[in-house]
Student: 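Okay, here's the structure, questions in a sec.
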Amino acid sequence: MSDQYDVIVIGGGPGGYNCAIRSGQLGLKVACIESRKTLGGTCLNVGCIPSKALLHSTEMLETANKDFAGMGLTGEVGFDLPKMMAAKEKTVSGLTSGIEFLFKKNKVEHINGLGTIIDANTVEVDGKKLSTKNIVIATGSEVATLPGLEIDEKKIVSSTGALELKSVPAKLLVIGGGVIGLELGSVWRRLGAEVTVVEYLDHIMPGMDGEVQKQALRIFKKQKMKFELGRKVMAVEKSGKGLKVKTEASAGGKEKDIDADVVLVCIGRRPFTANLGLENVGVATDKRGFVETRHFTTNVAGIYAVGDCTHGPMLAHKAEDEGVAVAEIIAGKAGHVNYDVIPGVVYTAPEIASVGKTEEDLKEAGIPYKKGKFAFAANSRARANHQTDGFVKILAHEETDEILGAHMIGAHVGDLIAEVALAMEFKAASEDIARTCHAHPTITEAVRQAAMDVEGWTMQS
Ligand code: FAD
Ligand code: NAI
């Protein structure tokens, strides 16, 4: 059968499009089916990219109006919301069409439509049956909501609606103090909204290093973001032109109503596999709907799953790495993802970044460790840049000195984390970073000084 594909990838997000491109590079006959008009999935269309575009413009606005005077720069900067949104859209469309180009370059056939698995070798799109040796499920995730709370994307919004509000709400209530709540909460706070975050737990950013969580909370509060920790939302009711958010303590009781103009629901995302036909072939999912895999393969031979629709962190680069690994496995190579070294970044100001184990993880696992820490207040470049909030922390094994994790909060730490991730991939010791020459004056020196501190010889604080 000459028109048979080697691989059909269902979903054109970071998991799917990278799998398709790598498959094309490896000489496989590949098609990528995407139901959206544009490629790039959640990440490019309604996730990473539009959120980072708005985070960048609003951070510039806040820096100009709050920090410029201290550097001898004068004048106030205003904003034009429709133009800011148009600039964001331009970035998104440039990048989504860039993937079209990469598909052509790597001989990936792009099929626009909803893909349904008919059997282990057949996928149907718009009534047309396509024959394939392998299927990769890369259908991503969708927003999770609370029972009884209907997202209309105008007053009660998910991240998608929060990326395209037509005006700045006077009061924005954010349900969930995780990554989306802090990033998009920051965007609208900087534009003038009063932002209140209601978080079920008694801390923000679950899973992050405890010290980073505490310092981040202090900084966000200083920025005038309000927090209601240990509190859950029971209902959202219409109240005149606005909304009344009914909350109570997570443990029960202590009811409190909070007024809002817009409510952002960001309590996590769930796998998206609707209309995919998993039941036609018996692909197993867990109780929460995640496709079960073992080394990327589902329980059905020849059907793989990558990215948000399967287990692991819901991050674009994790989806990308899994997509690449699957393409390589199908091409007969050894595809691999090192789940111990997947960095995570929260793109607030300051940024928050993490890789590997937290102190809490190490204590729980009984792994003996040493810790090195260095504050940006002692870094010359951070001081010259007036960006002294935060620190770098490096954790290394007590006996072997192997780096086990790094946790940072501060300007540009989303970029600094890559150095530690690379070191960890090479199983480096903290001393390897401590003895690597870092350019002066750069904020990268904070990473070196933190590594020196693991052995107690920090020289700049
Ligand atoms: P997706 O990107 O969700 O792509 C899946 C695609 O499959 C979708 O386009 C969907 O239309 C398509 N599809 C589904 N079913 C079918 C079907 N049956 N047929 C055809 N097509 C189908 N991650 C980061 O690492 N960094 C960030 O800064 C970041 N920011 C984010 C900000 C927001 C607001 C959100 C919501 C998410 C963010 N993420 C970020 C998470 C990131 O977007 C996801 O982890 C990533 O997109 C997952 O990639 P994926 O390929 O698994 O799925
Ligand atoms: P999240 O898992 O980061 O945070 C959800 C928060 O909501 C948690 O703190 C949780 O305790 C809280 N919560 C859950 N139920 C609640 C309730 N009933 N009431 C109050 N609080 C409640 O999920 P989020 O922010 O929705 O993001 C979804 C995914 O998107 C994340 O997994 C993340 O990986 C990804 N993402 C990544 C980004 C990045 O890498 N910079 C940016 C944005 C999203």
Side-chain angles (χ1 to χ4, degrees), residues 9-19 32-52 54-55 96 111-117 123-125 136-147 149 158-160 162-163 174-185 197-208 213 228-234 247 250 264-278 305-310 312-320 322-323 342-348 351-353 414:
V9 182
I10 308 178
Y17 77 72
N18 283 295
C19 180
C32 181
I33 304 172
E34 169 56 58
S35 55
R36 262 197 185 91
K37 290 239 156 10
T38 49
L39 289 165
T42 303
C43 175
L44 267 65
N45 291 284
V46 290
C48 324
I49 300 305
S51 59
K52 265 79 258 179
L54 293 183
L55 278 158
T96 54
I111 302 172
N112 184 220
L114 190 78
T116 305
I117 303 172
V123 178
E124 186 175 294
V125 195
V136 181
I137 301 169
T139 49
S141 62
E142 61 179 351
V143 66
T145 186
L146 290 168
L149 198 63
S158 71
S159 51
T160 303
L163 288 167
V174 176
I175 313 179
V179 199
I180 293 181
L182 296 169
E183 288 189 356
L184 294 182
V197 178
V198 178
E199 164 59 50
Y200 185 84
L201 301 170
D202 63 0
H203 55 269
I204 56 170
M205 300 186 298
M208 279 272 181
Q213 284 171 344
E228 293 283 349
L229 301 180
R231 191 158 277 284
K232 60 187 172 187
V233 170
M234 305 306 291
T247 73
S250 302
L264 164 59
V265 187
C266 44
I267 54 166
R269 294 177 63 83
R270 58 182 176 218
F272 180 75
T273 54
N275 306 317
L276 183 58
L278 294 185
V306 300
D308 279 12
C309 68
T310 184
M314 287 183 160
L315 294 173
H317 40 286
K318 174 266 191 185
E320 170 182 354
E322 288 182 338
I342 295 185
V345 177
V346 186
Y347 297 84
T348 44
E351 288 183 347
I352 296 157

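Remember, it's 1-based here, ligands and their atoms both numbered in the order they're listed.
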Student: Which heavy atom of the protein is the closest neighbour of atom 7 (O) of ligand 2, given with residue, atom name and distance?
Tutor: Gly176 CA, 3.3 Å
Student: In the complex you have, is atom 31 (C) of ligand 2 within reach of the protein, judged by whether a heavy-atom distance drops under 4.0 Å?
Tutor: no
Student: At what distance is the nearest protein heavy atom to atom 13 (N) of ligand 2, and which residue and atom is it?
Tutor: Ile267 CG2, 3.8 Å
Student: Considering all heavy atoms of both residues, which atom of Leu55 and which atom of Glu183 are nearest to each other, and what is their separation?
Tutor: CD2-O, 3.4 Å
Student: If hydrogens are left out, which of Gly185, Gly268, Gly177 has an atom nearest to atom 2 (O) of ligand 2, that is, the closest non-hydrogen atom?
Tutor: Gly268
Student: Please determine if Tyr347 has a nitrogen or oxygen closer than 3.5 Å to a nitrogen or oxygen of ligand 2.
Tutor: no
Student: Any nitrogen or oxygen of Met314, side chain or backbone, less than 3.5 Å from one on ligand 2?
Tutor: yes
Student: Can you sort out which atoms of ligand 1 are near Tyr347, meaning under 4.0 Å from one of its heavy atoms?
Tutor: 28 (O)
Student: Can you tell which part of Leu201 has a heavy atom less than 4.0 Å from ligand 2: side chain, backbone, both or neither?
Tutor: side chain
Student: If you have a sec, work out which protein heavy atom is nearest atom 21 (N) of ligand 2 and how many Å separate them, to one decimal?
Tutor: Tyr200 N, 3.1 Å
Student: Hey, does Gly344 sit under 4.0 Å from ligand 2 if you only count heavy atoms?
Tutor: no
Student: Tell me, which protein residue and heavy-atom name are nearest atom 39 (C) of ligand 2, and how many Å apart are they?
Tutor: Val345 O, 3.4 Å
Student: What about Ile180: any of its N or O atoms under 3.5 Å from an N or O on ligand 2?
Tutor: yes
Student: Please state which protein non-hydrogen atom is closest to atom 18 (N) of ligand 2 and give its distance, to 0.1 Å?
Tutor: Leu146 CD2, 3.4 Å
Student: Should you measure from each heavy atom of Cys43, which atoms of ligand 1 turn up under 4.0 Å away?
Tutor: 2 (O), 43 (O), 47 (O)
Student: Glu199 to ligand 2: N or O pair under 3.5 Å?
Tutor: yes
Student: Taking the non-hydrogen atoms of Val46, is any one of them nearer than 4.0 angstrom to ligand 1?
Tutor: yes
Student: Which of the listed options, Leu163, Leu184, Thr139, holds the heavy atom that is closest to atom 14 (C) of ligand 1?
Tutor: Thr139
Student: Return yes or no for this condition: an N or O of Arg231 is under 3.5 Å from an N or O of ligand 2.
Tutor: no
Student: May I ask you to identify, for Ile204, whether its side chain, its backbone, both or neither come under 4.0 Å of ligand 2 on a heavy-atom basis?
Tutor: neither
Student: List ligand 1 atoms under 4.0 Å from Ala138, heavy atoms only on the residue side.
Tutor: 5 (C), 6 (C), 7 (O)
Student: What protein heavy atom sits nearest atom 38 (C) of ligand 2, and how far off is it?
Tutor: Val179 CG1, 3.3 Å
Student: Tell me: protein heavy atom nearest atom 29 (C) of ligand 2, and distance?
Tutor: Arg269 CD, 3.9 Å
Student: Under 4.0 Å from any heavy atom of Ile10, which atoms of ligand 1 are there?
Tutor: 17 (C), 18 (N), 19 (N), 20 (C)
Student: For atom 1 (P) of ligand 2, find the nearest protein heavy atom and state the residue, atom name and distance (0.1 Å precision).
Tutor: Gly178 CA, 4.1 Å
Student: Kindly write out the residues that satisfy side chain to side chain contact (heavy atoms under 4.5 Å, CB included) with Glu351, not counting sequence neighbours, or none if the list is empty.
Tutor: Tyr347, Val413
Student: Please state which part of Met205 comes within less than 4.0 Å of ligand 2, counting heavy atoms only: side chain, backbone, both or neither.
Tutor: neither
Student: Taking a cutoff of less than 4.0 Å between a non-hydrogen atom of the residue and any ligand atom, is Pro313 in contact with ligand 2?
Tutor: no
Student: For Leu54, check side chain to side chain contact (heavy atoms under 4.5 Å, CB included) against everything at least two apart and list the hits.
Tutor: Met84, Met85, Lys88, Leu163, Val187
